[in-house]
Amino acid sequence: MESRVTRDGRGHVTVWSRRRVALFTGAVCAISIATLTSRLAGDAAAPPPLVGIHKIQHVIIVMQENRSFDSYFGTFPGADGLPRSGGGAFASCVPDATPHHCLRPFHDRSDVNNGGPHHAGAAIADIAGGKMDGFVRQVITGQHGPYCRSHPDWPSCAIDPRHADVMGYHTAREIPNYWAYARHYVLQDHMFQPNLGWSLPAHLYAVSAWSARCRSALDPASCVSDLNLTTPGRPRPRGLVYGWTDLTYLLHRANVSWRYYIDLGAAPDCSSGAIACAPQPQTLTAHSIWNPLPQFTDVTQDGQRQNIQSARSYFAAARAGTLPSVSWVVPSGRSSDHPPSMISRGQQWVTSVVNSAMRSPEWSSTAIFVVWDDWGGFYDHVVPPKVDRFGYGLRVPGLVISPYARRGVIDHQTLSFDAYLKFIEDDFLSGRRLNPRTDGRPDPRPSVRETATPLGNLAADFNFARPPAPPFLLDPCPVGYVFHAHCA
């Protein structure tokens with residue numbers, strides 16, 4: 001057998017036979033191939049880096065209740081707030097029932113408000129053809145008319161309509177955390193509720209971009225647009241009610257996780273549309289105005305009703321780092337900001353929801369959108385733009401909270417809840433829309449709201465070129481807060 005001799009730099013001699021050379025060469029090649037294969041496999045297994053909007057892997061929509069933009073941020077510096085005259089006084093003066101008399105905005109220092117009527121007819125009356133001066137008259141005729149004459153002991157009937165708190169506004173004195181989020185993150189001063197009217201259609205738009213009534217919940221073609229969805233004296237609906245397509249249908253088809261977290265308790269609005277009624281319970285399965293998904297036909301057909309969970313599950317998922325891709329978080333009446341609930345408790349609830357997300361292992365990939373479902377009868381001076389005969393409705397506050405949110409920015413884009421659906425669809429669904437022509441489950445909705453001409457893009461509220469910012473934790477009930485005793 002042939003052999004060769006090698007000598008290293010230290011004089012050590014190695015005798016190499018042909019067989020030993022072959023074995024050594026084969027071993028080296030095997031190691032090299034294995035290393036290359038391992039590297040290639042590792043490269044294939046590693047997902048590409050997330051860029052732009054896709055850095056947001058968890059969207060949380062926090063839906064509060066019944067506040068106009070001017071009632072919460074009408075004096076926020078730099079925002080399109082309450083207009084003033086050249087002398088600094090408020091320019092708005094809304095007429096009441098007395099000839100030649102009107103009410104101006106005032107600083108409301110109370111923790112409990114009354115608000116005003118907020119059904120679709122009240123919205124049209126408040127807007128008053130663009131004059132934005134129907135708010136006080138609606139309180140007088142809507143809440144202090146026939147109902148108060150027959151129910152004089154109802155607490156809100158004791159309020160003097162000549163001093164209606166629909167003209168009141170709050171500042172950082174009453175809502176310090178909301179203002180702190182606005183200063184630190186993004187405040188949206190042209191967020192409009194998507195519909196003319198009250199809570200139920202607003203919540204339907206928040207998950208489906210439509211509000212309708214169906215002759216048969218099993219036949220989407222039988223659904224027609226409806227903003228009131230109330231029949232006085234009609235019992236609460238049972239079983240399936242909403243036959244058209246909601247966003248969860250697309251999410252489920254694309255294997256995108258979602259949850260609808262609702263705080264168990266009571267909702268203050270009446271499902272019949274009445275001014276007052278016995279407390280309406282909120283459960284995971286029963287129909288309620290703030291929890292419509294259990295009655296959507298597609299949610300049941302997809303086997304997804306288990307995704308409607310209590311708010312307690314939200315806090316647990318945030319702690320564990322197991323939040324779904326898309327979450328809606330809905331309060332109970334007590335913590336909703338909805339009159340006559342204390343605004344201090346609403347702020348406490350929202351701060352707790354935000355803090356939980358910030359403390360989560362998933363904070364660095366999270367976007368929180370805080371919004372109020374309708375204007376609650378409170379004054380706002382901005383005329384809503386029209387997208388169709390059903391909306392937009394009146395202006396409501398909107399906040400964007402995220403490690404990628406722009407710092408201290410006021411977003412002047414025209415927005416509505418449809419922008420949330422658009423953001424989710426762009427982030428997780430490659431831009432697929434709730435479009436009857438393409439979504440695989442056609443219904444007769446009058447338009448594709450996510451593509452409406454005036455609608456802005458929420459992606460403009462983020463700066464994805466910078467590293468994620470650390471949490472901005474706030475005390476849910478700050479020491480020294482004027483209403484500390486109410487929320488402690």
Side-chain angles (χ1 to χ4, degrees), residues 62-76 81-82 90 103-118 135-136 139 143-144 153-183 187 199 263 265-269 275-276 279 282 290 311 329-355 370-380 396-397 399 474-488:
V62 182
M63 184 76 74
Q64 291 297 102
E65 296 287 321
N66 289 50
R67 299 287 164 171
S68 71
F69 184 88
D70 278 344
S71 71
Y72 265 8
F73 293 99
T75 59
F76 190 88
L82 292 163
F90 291 116
L103 300 182
R104 295 188 184 276
F106 67 93
H107 185 187
D108 190 335
R109 298 171 178 268
S110 62
D111 197 13
V112 175
N113 301 136
N114 183 45
H118 46 282
F135 299 85
V136 178
V139 171
Q143 286 188 232
H144 293 81
D153 295 332
W154 187 50
S156 293
C157 291
I159 295 175
D160 185 347
R162 292 173 298 179
H163 303 285
D165 66 6
V166 295
M167 297 304 297
Y169 63 85
H170 295 290
T171 70
R173 175 187 179 274
E174 296 82 41
I175 46 174
N177 288 8
Y178 291 155
W179 277 48
Y181 290 138
R183 291 189 180 107
L187 173 66
S199 290
D263 193 28
D269 265 343
I275 292 175
Q282 275 190 167
W290 296 352
V329 182
V330 179
S332 64
R334 184 178 184 273
S335 53
S336 66
D337 289 323
H338 190 302
S341 300
M342 295 178 180
I343 59 175
S344 57
R345 289 177 178 167
Q347 179 183 250
Q348 182 181 28
W349 160 262
V350 171
T351 307
S352 297
V353 171
V354 172
N355 282 350
V370 182
V371 74
W372 283 255
D373 74 333
D374 67 59
W375 85 114
F378 290 98
Y379 176 72
D380 195 83
V396 295
L399 296 165
L474 296 176
D475 188 339
C477 193
V479 175
Y481 177 35
V482 65
F483 299 136
H484 185 271
H486 297 179
C487 62

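Computed over heavy atoms, backbone and side chain alike; hydrogens, waters and symmetry mates excluded.
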Peer 1: Without swapping roles, check the side chain of Ser352 against the backbone of Gln348 for a donor-acceptor pair under 3.5 Å.
Peer 2: yes
Peer 1: Which residues satisfy the side-chain contact (heavy atoms from CB on, under 4.5 Å) test with Arg104, sequence neighbours excluded?
Peer 2: Cys93
Peer 1: OG of Ser110 to CD1 of Ile343: how many Å apart, nearest 0.5 Å?
Peer 2: 7.0 Å
Peer 1: Working note: Tyr178 + Arg67, criterion side-chain contact (heavy atoms from CB on, under 4.5 Å); need CA distance, chi angles, decisive distance, verdict.
Peer 2: CA-CA 13 Å; Tyr178 291 155; Arg67 299 287 164 171; over 6 Å; no
Peer 1: If only atom types and distance count, is the side chain of Asp263 paired as donor or acceptor with the main-chain N or O of Ala311 below 3.5 Å?
Peer 2: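 Judged by distance alone, no pair lies under 3.5 Å.
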Peer 1: So how far is it from Asp108 CG to His170 NE2, rounded to the nearest 0.5 Å?
Peer 2: 4.5 Å
Peer 1: What is the minimum heavy-atom distance between Asp337 and Trp372, and which atoms define it?
Peer 2: OD2-NE1, 2.9 Å
Peer 1: Check His486 against Ser344 and note the closest heavy-atom contact, atom names and distance.
Peer 2: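 Looks like CB-OG, 3.5 Å.
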Peer 1: Would you say Arg173's side chain and Arg109's backbone share a donor-acceptor pair under 3.5 angstrom?
Peer 2: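 Between the backbone of Arg109 and the side chain of Arg173 there is a qualifying donor-acceptor contact (under 3.5 Å).
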Peer 1: Hey, are the side chains of Pro105 and Asp70 touching, using non-hydrogen atoms and a 4.5 Å cut-off?
Peer 2: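 A side-chain contact is absent here, since even the closest heavy-atom pair is not under 4.5 Å.
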Peer 1: Looking only at atom types and distance, does a side-chain atom of Trp179 sit under 3.5 Å from a main-chain N or O of Tyr72, one as donor and one as acceptor?
Peer 2: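 It does hold such a pair.
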Peer 1: Of the non-hydrogen atoms in Leu187 and Ala182, which two are nearest, and what is the gap between them?
Peer 2: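 Here Leu187 and Ala182 meet closest at CB-CB, 3.9 Å.
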Peer 1: If only atom types and distance count, is the side chain of Asn114 paired as donor or acceptor with the main-chain N or O of Pro340 below 3.5 Å?
Peer 2: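 Such a contact is absent between Asn114 side chain and Pro340 backbone.
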Peer 1: Return the set of residues passing ring pair (Phe, Tyr, Trp, His ring centres under 6.0 Å) with Phe378 (not counting sequence neighbours), or none when no residue passes.
Peer 2: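 Partners of Phe378 under the ring pair (Phe, Tyr, Trp, His ring centres under 6.0 Å) test: none.
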Peer 1: Write down the atom of Pro478, the atom of Asn177, and the distance for their closest heavy-atom approach.
Peer 2: CG-OD1, 3.8 Å
Peer 1: Counting N and O atoms only, with roles assigned by atom type, does the side chain of Gln282 sit under 3.5 Å from a partner on the main chain of Pro331, one being a donor and the other an acceptor?
Peer 2: yes
Peer 1: Checking the side chain of Asn113 only, and the main-chain atoms of Pro339 only, is there a donor and an acceptor separated by less than 3.5 Å?
Peer 2: no
Peer 1: Please lay out, stage by stage, how Tyr379 and Phe90 fare under the test ring-ring contact (aromatic ring centres under 6.0 Å, His included).
Peer 2: CA-CA 13 Å; Tyr379 176 72; Phe90 291 116; 9.6 Å; no
Peer 1: To the nearest 0.5 angstrom, please state how far the OG atom of Ser332 sits from the CZ atom of Arg345.
Peer 2: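 Rounded to the nearest 0.5 Å, the OG-CZ separation comes out at 10.5 Å.
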Peer 1: Is the shortest heavy-atom distance from the side chain of Glu65 to the side chain of Ser199 under 4.5 Å?
Peer 2: yes
Peer 1: The criterion is ring pair (Phe, Tyr, Trp, His ring centres under 6.0 Å); which residues satisfy it with Tyr181, sequence neighbours excluded?
Peer 2: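 By the ring pair (Phe, Tyr, Trp, His ring centres under 6.0 Å) rule, Tyr181 matches no residue at all.
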Peer 1: Any chance you could measure Trp349, atom CH2, to Gln64, atom CD, to the nearest 0.5 Å?
Peer 2: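 Spacing of CH2 (Trp349) from CD (Gln64) equals 8.0 Å.
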Peer 1: Can you measure from CG (Leu82) to CZ (Phe73) and round to the nearest 0.5 angstrom?
Peer 2: 13.0 Å
Peer 1: Can you list everything that forms a side-chain contact (heavy atoms from CB on, under 4.5 Å) with Pro176? Sequence neighbours excluded, please.
Peer 2: Gln347, Tyr481
Peer 1: Please answer whether the main-chain N or O of Asp374 pairs with a side-chain N or O of Asn66 as donor and acceptor at a distance below 3.5 Å.
Peer 2: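 Not confirmed, Asn66 side chain does not pair with Asp374 backbone.
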Peer 1: For His484, check side-chain hydrogen bond (donor to acceptor under 3.5 Å, both in side chains) against everything at least two apart and list the hits.
Peer 2: none
Peer 1: So, for Phe106 and Ala164, which heavy atoms are closest and what is the spacing to 0.1 Å?
Peer 2: CE2-O, 3.7 Å
Peer 1: Can you tell me how far CZ of Phe135 sits from CG of Leu103, rounded to the nearest 0.5 angstrom?
Peer 2: 12.5 Å
Peer 1: Minimum heavy-atom separation for Ser341 to Ser336, with atom names?
Peer 2: OG-OG, 4.2 Å
Peer 1: Mind checking what makes ring pair (Phe, Tyr, Trp, His ring centres under 6.0 Å) contact with Trp375, not counting sequence neighbours?
Peer 2: none
